[in-house]
Amino acid sequence: MNLEIILVGILVGIANFASRFGPFFVIQKSQQGSQKRGALWLKIALGAIGISAISSMLVVATLPPLLETPDKSVAMLAGFIVLTVLYFKFKRIVLATLTAALTYGLIYTYLPIHF
């Protein structure tokens, strides 16, 4: 794997974690005098790590195919849009993921777009 792709994944993970964890940490520290809940920031950090890891893996998994074959970008974009719309409409991740994968496969196979 290319070192640049790994570095991009690491930077995305750090930025995503900081953007999710940072505001909650600041809010918790500013309200520390009024609330005694122990290490609430630790719970928030652990919750933010999962989302950051998923986002980083998404970037690292999608970047190499897009660099090698940019014609996949239209099919991948359609898959992400279908995934997002179906998940927010029905709140069922399995249905959304399978439909998005089918959409990606159909568009990539039967609607070839060459750059």
Side-chain angles (χ1 to χ4, degrees):
M1 180 169 288
N2 193 348
L3 182 62
E4 293 173 354
I5 294 171
I6 294 172
L7 290 176
V8 167
I10 291 171
L11 288 175
V12 167
I14 291 170
N16 196 340
F17 177 77
S19 69
R20 293 184 183 280
F21 174 67
F24 291 118
F25 181 74
V26 170
I27 290 170
Q28 195 266 341
K29 286 297 181 186
S30 68
Q31 296 177 354
Q32 191 173 17
S34 63
Q35 295 178 349
K36 296 292 181 187
R37 292 188 181 182
L40 177 64
W41 66 270
L42 184 59
K43 295 175 189 172
I44 294 170
L46 292 175
I49 288 172
I51 297 169
S52 301
I54 291 170
S55 299
S56 299
M57 286 188 294
L58 178 68
V59 169
V60 171
T62 57
L63 198 55
L66 286 178
L67 293 176
E68 292 173 8
T69 55
D71 55 335
K72 287 185 177 182
S73 60
V74 173
M76 200 172 289
L77 178 64
F80 285 140
I81 290 172
V82 167
L83 176 74
T84 304
V85 168
L86 288 179
Y87 177 72
F88 283 117
K89 182 164 177 74
F90 299 111
K91 299 293 186 207
R92 296 182 161 274
I93 192 64
V94 174
L95 173 71
T97 303
L98 293 175
T99 309
L102 180 66
T103 303
Y104 169 81
L106 290 174
I107 290 176
Y108 185 70
T109 303
Y110 296 112
L111 189 66
I113 298 173
H114 301 288
F115 293 100

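Small disclaimer: the values here were computed from a predicted structure and weren't measured. Note that the numbering runs from 1 along the sequence shown for the chain.
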- Task: Establish, for the pair K89 and Y87, whether the NZ or CZ atom is under 6.0 angstrom from the six-membered ring centre and no further than 45 degrees off its axis.
- Result: no
- When rounded to the nearest 0.5 angstrom, what is the spacing between OH in Y108 and OG in S73? 10.5 Å
Using a 3.5 Å cut-off and no angle test, enumerate the donor-acceptor pairs between side-chain atoms of residues 93-104 and protein atoms at least two apart in sequence or in another chain.
residue, atom, partner, partner atom, Å
T97, OG1, I93, O, 2.7
T99, OG1, L95, O, 2.7
T103, OG1, T99, O, 2.8

- Message: Which residue in the set L83, V85, T84 passes side-chain contact (heavy atoms from CB on, under 4.5 Å) when paired with I81?
- Response: V85
